[in-house]
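Written below as structure tokens is the structure these notes are about.
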Amino acid sequence: MGWQGKILRVDLSAGTATPEPLNMEWAEKYMGQRGLGTKYLFEEVDPAVDSLAAENKLIFATGPLTATGASTGGRYSVITKGALTGAVACSNSGGQFGAYLKLAGWDLLILEGKAPEPVYIVIEDDDVRILPAKDFIWGETVWDTEDKIHAKHQNPNLKIASIGIAGENLCRFACVMNDRDRAAGRSGVGAVMGSKNLKAIAAYGTVGTKVANPEKFMEANTNARGKLDPSEPRKRLSTIGTHAMLDVTNSYGSLPTLNCRAVQFEGSSHINVKAAHTPRRSDGHANVQTNKACFACSIGCGRVASIAPNHFSVKDKPRYQTSLGGLEYESIYAVGPMCGVDDIDAATYASALCNEHGMDPISFGASVAAAMELYDIGAVTKDMTGGMSLEFGSAEALCWAAEVTGTATGFGKDIGLGAKRLCEKYGHPDLSMTVKGQEFPGYDPRAMQGMGLAYATSNRGACHLRASPFQDDFAHVRTEGKAGIVKKSQDRNAAWDSTGVCLFAGNAWEVDDLVAQLAGALPGEWSVDRFFDTGERIWNMERLFNLRAGFTKADDTLPKRVMEEPAPSGAGKGKVAELSKMLPEYYELRGWTPDGEPTTQTLSRLGLS
Amino acid sequence: MIQIGFQLVSIDATEFKGLGRDGIGEIPLQDDGSLADAMRMIGMDPGLGFMTLVNGDPVAPENRSEKQLNDGDQVVVFPPIEGG
């Protein structure tokens with residue numbers, strides 16, 4: 001009922017795949033996807049384990065609304081101890097794969113151990129096969145991996161999640177990719193998959209899904225669609241996509257630029273959404289060709305793009321002179337302004353290579369920006385890069401960096417360490433724009449104080465999706481009230497990410513709209529209060545995992561640059577991120593000690609004692 | 001009368017009046033006009049969830065009626081989008 005009631009446990013060391021009943025007590029307390037996957041991780045993995053050791057586990061988790069027909073209900077998450085951060089990691093993806101894993105009858109897939117030789121897994125309902133990947137797809141790109149699996153198994157309907165060459169080589173920000181250009185992108189979950197010698201998982205299902213009360217579910221679903229489909233946010237995301245945020249943050253002065261030396265980018269008009277929709281002189285086509293949607297989604301925020309065939313990045317490379325996954329806000333921020341690059345074709349190429357080789361474009365772009373600053377101050381030289389001038393603003397350097405990082409070649413191995421390890425290696429740790437080792441998304445915390453608190457307290461490191469302080473941040477450059485906004489939205493998003501539904505539906509829905517669908521799909525009583533309680537429980541469980549992994553209050557911080565160097569322009573001009581004014585109140589609202597540890601009363605209240 | 005510079009960011013300008021197709025233009029406003037008055041001049045409900053800047057500084061929705069504009073002020077309006 002919502003849940004399939006089954007998990008699949010694959011021991012890669014032993015080469016076995018074993019079905020198990022889902023722990024229903026946990027399912028009722030943690031729902032699914034992020035919450036339930038993290039509960040299994042919390043119970044089964046020592047938080048102190050090396051994230052790349054065989055003892056770490058990798059969990060693919062669907063939600064109770066995944067593949068039920070709920071709008072945007074095609075999500076799954078990959079949960080593990082992150083290779084980038086050493087913290088709890090949960091990366092959420094759309095596309096088709098998650099829905100088909102659920103349709104095959106599985107709520108969760110738990111991968112443990114390490115295969116002695118590279119393998120991939122094919123799941124067709126109850127038929128699960130662990131097959132050799134060596135001399136077949138190991139060493140291949142994400143795109144070629146998908147094509148070869150489809151061809152070999154003669155089933156074009158198989159939906160595939162895989163790692164690219166970056167994941168095989170343990171690039172710290174490697175993704176798990178699915179459906180060519182959808183990604184469980186953050187925190188290095190792809191490196192954990194690579195460490196297990198697991199190249200791909202292909203799923204196809206015919207089992208279907210059931211809900212507890214079909215009539216009630218359909219009524220709630222119809223109401224929710226009636227609200228989402230005609231809404232302004234849905235129309236905006238369909239037509240101009242998340243890319244539209246670039247003009248917003250640039251206008252506001254919260255667009256991280258030149259590794260956060262600046263907060264507005266003078267070249268933004270060359271790479272903004274208008275530029276992406278303007279036909280090129282060279283071939284008459286625009287960068288954006290069309291949009292596309294994930295499973296059961298009526299938003300369609302994904303972009304399909306093309307690069308000018310005569311652009312230096314793709315000249316004589318027909319492979320890239322076709323339709324590619326296009327730019328989204330986070331990717332264009334990272335490979336554009338953060339690196340000072342105003343070449344939309346170069347940005348599209350770098351983003352496409354992130355998809356092809358399986359890298360998180362946020363961490364990739366921000367790591368390249370850190371490398372460019374190291375080069376700018378002379379800490380990295382041409383001798384180290386093999387002759388490449390890593391200058392801010394160089395489109396050639398950006399494209400080169402995508403190639404050498406994606407293939408783990410030369411200096412690309414250093415970029416693949418992520419900004420934190422890279423800057424430490426070259427003696428300038430303060431130049432890493434990271435929290436808990438994870439690179440900033442596209443919001444500078446000097447104009448957006450709430451986002452600064454959200455970054456600092458995010459359990460997976462700097463993240464724009466763990467909290468939603470956008471509205472208040474775009475209305476007030478202040479610290480007052482942010483602790484409550486961040487805390488409440490963290491709880492909301494933790495629960496939302498546990499349902500199987502996309503956060504973007506929340507641009508049109510209230511929590512009630514989602515809870516009504518849960519109440520139709522699941523047994524028992526579901527209310528808004530239970531929803532928020534569940535989110536708070538998940539948030540605290542993630543916090544406990546990190547505390548046991550060795551994180552402390554000292555890790556709830558921001559880079560020195562945004563704490564000490566005032567924003568040079570924009571709404572936050574003259575301001576720094578004033579974390580110390582918000583953090584104590586945040587801890588208090590959370591029911592944590594001044595050292596950031598949940599009190600026994602808080603744990604008891606949440607059933608986490 | 002005073003002149004106010006207006007710019008719509010990531011908003012379809014064809015739904016509003018007095019601005020170019022690119023969402024940029026100047027509008028006339030009475031001397032003691034507020035930001036809310038300026039938004040009404042282009043046909044935009046100041047009570048909607050759009051975010052506003054005046055000369056680069058954010059003005060919260062609840063302060064738009066009190067925010068008096070001066071000749072040459074630059075207003076930027078953008079949608080309440082989240083995520084990315």
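The figures that follow rest on heavy atoms only: side chains count, while hydrogens, waters and symmetry mates do not. Order of the sequence lines sets the chain letters (A, B, ...), proteins ahead of strands, with each chain counted from 1.
Enclosure of atom NZ in A/K292 by more than 12 non-hydrogen atoms of other residues, nucleotides or ligands within 6.0 angstrom is indicated. The local environment of CD in A/E266 is sparse, with at most 12 non-hydrogen atoms from other residues, nucleotides or ligands closer than 6.0 Å. More than 12 heavy atoms of other shown residues, nucleotides or ligands fall within 6.0 angstrom of atom CD in B/Q30.
In this structure, chain A has no heavy atom under 4.5 Å from any part of B/Q7. Contacts of A/Y333 with chain B are absent, with no heavy-atom separation under 4.5 Å from either backbone or side chain.
Here the straight-line distance linking atom NZ of A/K235 with atom CG of B/D12 works out to 9.5 Å at 0.5 Å rounding. Interatomic distance, CD of B/E62 versus NE2 of A/H476, reported as 4.5 Å (0.5 Å rounding). Atom OG in B/S10 sits 8.0 Å away from atom CG in A/N272 (nearest 0.5 Å). Atom CZ of A/F474 and atom OG1 of B/T52 lie 12.5 Å apart (nearest 0.5 Å).
Note on B/L53, B/I11, B/V59, B/V76: by heavy-atom pairs under 4.5 Å with chain A, the leading option is B/L53.
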Under the side chain to side chain contact (heavy atoms under 4.5 Å, CB included) rule, what do A/D247 and B/F78 come out as? Steps first, then yes or no, please.
CA-CA 9 Å; A/D247 285 333; B/F78 55 89; over 6 Å; no
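Contact between B/P58 and A/A475 at its shortest, heavy atoms only, is CB-O, 3.5 Å.
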